[in-house]
Every structure is written in structure tokens, then in C-alpha cells.
Amino acid sequence: MVSMQKPISVRDALSSTAAQESASVQGWVRTRRDAKAFSFLEVNDGSCLKNLQVIAPAGLFNYPEVQHLITGASVAVRGKLVASQGQGQKWELVADEVRVVGPSDATYPLQKKGHTAEFLREIAHLRPRSNLFGAIFRTRSRLAYAVHRFFQERGFVYVHAPIITGSDCEGAGELFRVTTLDPSAPPKRPDGAVDFAKDFFARPTYLTVSGQLEAEAFACALSKVYTFGPTFRAEDSNTSRHASEFWMIEPEMAFCDLAGNMDLAEEFVKALIREARSTCAEDLELFGKFVDKDLISRLDFVLERPFQRVSYTEAVKLLVESGKTFEYPVAYGTNLQSEHERFLTESVFKCPVTVYNYPKEIKPFYMRLNDDDRTVTAMDVLVPGIGEIVGGSQREERLDVLEASMRRHKLDPKDYGWYLDLRRFGTVPHAGFGLGFERMLMFVTGVSNIRDVIPFARTPGNAAF
RNA sequence: UGCCCGGUAGCUCAGUGGCAGAGCAGGUGACUGUUAAUCACUUGGUCGUAGGUUCGAUCCCUACCCGGGCAGCCA
């Protein structure tokens, strides 16, 4: 390290505007080819999709060692950055020194040939070294940054909702219990039940399934807020679009109704797509080539058009009148099945669709009751290929109506004291939604399995790595 | 959790009730400003696991494990 000057990234080397008398680059060897008087090394450091071609002359003192470099080895290279004589790259590095930092061997699982996503999933610690996963996780980082920029530029305050929650009735699925009690010998109450009063928090606690209720409290003080953090669902879901641990973005706005909520959701989704198009062009090109041939045109199409908006009633009517036979029949009052949602967004409209005003019976207690007394201000954004990417609503801000809704949902208002206080003191109309960050990434990259857009996926029966 | 498909070399996959195969990767050599380089030779196997049927099972049957797809739950 002492002999090395400050290294530059492969990305900077490749985007250089002039030859450089002396430059250092460090990274991992993707492949090596021998020529007569030198060896070609392709070095990648994850700073961009492309590799830097290194010319390692036969005169190097450690040339025999260089000739045994294989895929996966790490190297530090110092040399001259010069215009390439060959086709396919503008610049290449003619090495004065190639230091083998860490060798690799024949058991290195990654090859320069393509691998299936399923195989790479089993080596989650090495897959970011592949072209596809490097591109996915660079895109993930850019989009995470864009999430914050989008909201910060609009005056939203970032709220860190708690990860551990005492509420087991958020209504969004099964919860993971958080406890320090000994599972083989928990303290018992006289009646034989586990005595959670003796647990760490002196009550049962769980990992959060949503930061919404907490975000509502902050929206009713700071007006516009958002959360962006991990979320946990203990559902035994085994699909390509569910994970036990995922990241969710939940904006919440005071003095906002359903229409404003739908506007924000659409603007947000489009902003993220626009960000990917402008700052991840090279990576998107890879997705368009190897993952989904229609990706780029679909993203551009979505950017250009307003999302279609239909009420649940209209959606049901469209499905019934389509004449298509579904495995599950369409009927007012039942949840839209995946096949129904897919048909709407992929066949009827061929673009994202926002469905709103669902029957109150099939939606959670906190959604605002409409004047028709039959529907609530729910809204789901459905996108082609994935289905639901956003779920949200205007919240019930009327204390008496909210309490009645809780009772209808067999919930005890006494368990929601602080939540009801928000309606007791200075209540305001407010609305918000949740956007699944991984589902957004799936849409932007074309990757069809959620396990491939999370660095280390947690799904039922799988928490290796 | 339910239904369906799959598991054969490091990877991607053929294959047959009777001696285990290819391409790529790895190794050796040749050639060469190459770029998924090329050419020749070559190493490499508990055919997912356990039972069963059979003279004989990688192949047929059963259970289990693992992976994938779809559905439900949702984001």
C-alpha cells in the first residue's frame, strides 16, 4: 500500500478525458487472456458495470504469478492510462506494477459465463461481484437516495418509526415476537399463561409491520412526514414478491385527502423511475438486455402517461364486462385477486392503475369512511408484472366514526388510546400510503424475484448469511 | 400453507431398467492486441436423502429434504 498512489475508481478511469502518466486502480479480476508479450486483465471494482482492461507486460517481475491470476482474485495495479489500441474500450491501463492482493482458485464459484439467479442466490455473499447483481445494488442505492431527495425537496420530515412495537393489532399480517424470555422455561402466571410482564419491555412486543400509526402522530404535528425503514411480516408467504424483511416508504400528510394522496403516489413512482433512467442508464441497459427486453420502453411509457384511476366499483364492472373467465369469479364486495389486478393493469389499461374507494368490509379500520357509508378511501397502485406496489388511504379523522370502525373490526378502542388522542385534540384530515421499496426496484430493474433485489433476503425457512 | 415442475461433474443441461455424457469452468500445451478469444489434450460423479419393487434402479413407486413457478396473506 505504501508504494501505491491514491487509487482511482474504474469508473473514473474509464471516463477519463485524457491519458494519465500514472494511475492506480484496485479491484477484482473478472477474466484474464494471454497475448504474446503480455496478459489482458479485466478488473472490476463495482464502481460501474464495465471492467477496466489492464495490460500486464511479460516484463513484470511477477509475470508468472500474474499469468496464474484467475477470476475472483483481487489486485492493485499501477501504470499508464492510455487510449486503447483495441476495440471495445476507450481507455486501458498499461501496468508498471500488478500486485496480487488476494489470490483466487479453481473453487471460486463465479465464472465469466452467465449464471442463473437461482444459483447466485445460494452464494449471496459473492453475487454482488456479478454484473447483474452489481447493477441491481447500485440501482438500489441510487433509488434509496432518490427517495430522500424526493421528500426532502418537498418539505417532508424524515421520521424514524420504531422497529420494536408493542402493538399487535396493526392489522397488516403476522408479527415476529421480540422477547428475552427463555423459550424453554418462560415465567408463568397463576393461570398458566406466559407472564409477559416479566419480559424485557414488561409487555409483549413485536417487530413492526408498519410505521403508519406512528407516522400519523408525527404528521399531526409536522404536517408532512415520511418513514423509510425495514418492515417485518411473519407470514408464511412463498412467492416471488414477498419477503419476511423488506423496506417500506410511508409518507403521511396532514390536511390531505384521497386525491392528494393519489397524486403524490403517482408523482413519487414516476420520480423514482425518472431517477433510474437518468442516473443508472448503463445498469438499466444491462437489465433491458438480459432481464427484460421491454423494460426501457415500458419505463418510458409509464413516465409519459398519467396513471389510470378507477374506483373499485368501476374496476369490478370492467372485469365483469370483459367477458374473461377468471379462476376466481369477480364480485362486488370481495378482494380483487392477483389475476384480476394483473388483467386490469396488463390487459385493460397496459399501464399503472390506481384503484380507489373499496368496500369498507375488506379494508382495515383506520381508512376513512366515505359518505356513501359503503366504501372507504383506500387506494392501491397496481403495476404490470408485479401487482400492488402502493397501498394507502385517507385516514379516519372523526373520533366517533373511528371508534365505530374499530368495534366493527372487533378491536377494542381502549387498546388505541394514543391513536385516538390524535382525533381528540386538533384532528385534521390526513392521508398516506406505503410503497414497497423492493417491489419498486423489481419494477425498475425488471427483476422478477424479490429475493434478487435485497442484499441478503429473509424468507420463510431462509436466513442464511 | 395448498397445487404444479424440478434436483445427474464447480456451472448449464442431455440421457438410459443393464459399464455415467456434452458444453463451459479448472489444468497442460499451441496460437494470439485479446475482449464470453481460438485450437488440441486433460482432471473432475454418493445421479438430493432414506426406504421399496426388481436378477439388476440414476431411471419405476413412497416418504422426506432442497430449489423454482403459481395461489392465498400484502408492500
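In what follows, every chain begins at residue 1, and chains take the letters A, B, ... in the order their sequences are listed.
Between A/Phe326 and A/Phe343, the ring centre distance stays below 6.0 Å. Here the two rings, on A/Phe38 and A/Phe40, have centers that are under 6.0 Å apart. For A/Tyr356 and A/Tyr312, the ring centers sit 6.0 Å or farther from each other.
Using P as the reference atom, B/rG7 and B/rU16 are 13 Å apart when rounded to the nearest Å. B/rG52 and B/rA22: their P atoms are spaced 34 Å apart (whole Å). Separation of the C1' atoms belonging to B/rC11 and B/rC70 is 27 Å when rounded to the nearest angstrom. If you take atom P in B/rG44 and the same atom in B/rA20, they sit 15 Å apart, rounded to whole Å. Distance noted for atom P between B/rA36 and B/rA25: 12 Å (whole Å). Using P as the reference atom, B/rC41 and B/rG23 are 10 Å apart when rounded to the nearest Å.
Within 4.0 Å (heavy atoms only), A/Ala37 reaches no atom of the nucleic acid at all. As judged by a 4.0 angstrom heavy-atom cut-off over every strand, A/Phe119 is placed among residues touching the sugar-phosphate backbone only. If you check every strand for non-hydrogen atoms under 4.0 Å, A/Gly387 touches nothing. Across all strands shown, A/Ser240 has heavy atoms under 4.0 Å from sugar-phosphate atoms exclusively, and none from any base. Using a 4.0 Å heavy-atom cutoff across all strands shown, A/Asp105 reaches no nucleic acid atom at all.
For A/Ser84, the side-chain atoms get nearest to B/rU34 when compared with the rest of B/rG67, B/rU34, B/rA75. In this structure, of B/rG33, B/rC74, B/rG68, it is B/rG33 that holds the atom nearest to the side chain of A/Gln89. Nearest to the side chain of A/Phe40, among B/rG68, B/rU32, B/rG33, sits B/rG33. Out of B/rG67, B/rA75, B/rU12, the shortest distance to the side chain of A/Asn462 is found at B/rG67. Between B/rA71, B/rA37, B/rG27, one nucleotide has an atom nearer to the side chain of A/Ile70 than all others, and that is B/rG27.
With a cut-off of 3.5 Å on both Watson-Crick or G-U wobble distances, the partner of B/rC70 is given as B/rG2. The partner of B/rU38 is B/rA30, by the rule that a Watson-Crick or G-U pair needs both atom distances under 3.5 Å. For B/rU53, there is no paired base (Watson-Crick or G-U wobble, both distances below 3.5 Å).
A donor and an acceptor atom sit less than 3.5 Å apart, one in the side chain of A/Glu92 and one in the base of B/rG33. Between the base of B/rG10 and the side chain of A/Gln111 there is a donor-acceptor pair shorter than 3.5 Å. Counting atom types as modelled, A/Arg342 pairs no side-chain N or O with a base atom of B/rC70 as donor and acceptor under 3.5 Å. For A/Glu42 against B/rU34, no side-chain N or O and base N or O form a donor-acceptor pair under 3.5 Å.
The nearest whole Å value for the distance from the NE2 atom in A/His340 to the C1' atom in B/rC70 is 15 Å. Atom CG of A/Asn335 and atom P of B/rC74 are 7 Å apart (whole Å). A/Arg451 has its CZ atom 19 Å from the P atom of B/rA75, to the nearest Å.
The closest side-chain donor-acceptor pair between A/Thr313 and A/Arg374, if any, does not fall under 3.5 angstrom.
Under the 6.0 Å distance and 45° angle rule, A/Arg458 does not count as a cation-pi partner of A/Phe456.
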